[in-house]
Each structure stands twice: as C-alpha cells, then as structure tokens.
Amino acid sequence: MLAYGIGVSKGFIGMAESPKYNIKYNIHHINEIAKYLGCSPRDFLPEKPL
C-alpha cells in the first residue's frame with residue numbers, strides 16, 4: 001500500500017528498507033510518505049543533527 005501511495009514499486013520499498021542495498025529514501029520520498037500518512041516530514045527526521 002505504501003509503494004502505491006507514494007508512487008514507487010514494492011521492490012523499491014523492499015530495497016530501501018534492507019541494509020543489503022545502498023538505495024535509500026530521499027527528501028521527496030519522505031515528503032510523499034508524510035502526505036500519504038497524514039503527518040509531517042519532520043516526524044521522520046532526527047531533532048538534532050547526527
């Protein structure tokens with residue numbers, strides 16, 4: 001459902017969530033996920049720099 005909601009493939013979600021691949025979410029993905037879930041992109045980012 002998330003993949004469909006943000007316009008990416010299920011395979012992309014699987015690779016982004018797996019430590020085996022170097023594919024990660026970018027700020028556009030984070031924004032789309034926030035819109036899909038009805039929250040702020042800030043909810044996915046640390047409060048202080050890492």
Side-chain angles (χ1 to χ4, degrees):
M1 298 283 302
L2 179 62
Y4 177 78
I6 68 168
V8 299
S9 70
K10 289 188 276 185
F12 176 84
I13 298 291
M15 288 187 288
E17 296 292 332
S18 173
K20 294 189 323 184
Y21 298 97
N22 196 26
I23 295 173
K24 302 298 174 206
Y25 298 116
N26 63 32
I27 195 69
H28 173 75
H29 297 126
I30 293 171
N31 190 60
E32 291 300 311
I33 293 168
K35 285 196 298 187
Y36 181 73
L37 296 176
C39 61
S40 171
R42 287 182 178 203
D43 293 336
F44 303 109
L45 301 172
E47 198 170 305
K48 296 182 180 184
L50 300 176

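Keep in mind it's a predicted model, so treat the numbers as computed, not measured.
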Between Y25 and E17 the two heavy atoms that sit nearest each other are OH-OE2, 2.7 Å

Between Y36 and V8, is there shared hydrophobic-cluster membership here, with clusters defined by ILVMFWY side-chain heavy atoms closer than 4.5 Å? yes

Find out whether L45 and I30 are in side-chain contact, i.e. whether some heavy atom of one side chain is under 4.5 Å from a heavy atom of the other. yes

Which pair of non-hydrogen atoms, one from S40 and one from A34, has the smallest distance, and what is that distance? C-CB, 3.7 Å

Over 60° means perpendicular and under 30° means parallel, so tell me whether H29 and F12 are parallel, tilted or perpendicular. tilted

Look at atom CG of N22 and say whether more than 12 heavy atoms of other residues, nucleotides or ligands are closer to it than 6.0 Å. no

Quick check on the hydrophobic clustering: are I27 and I33 connected, directly or via other members, by side-chain heavy-atom contacts under 4.5 Å? no

Is a side-chain donor-acceptor pair under 3.5 Å present for H28 with N31? no

Rounded to the nearest 0.5 Å, how far apart are CE of M15 and NZ of K24? 11.0 Å

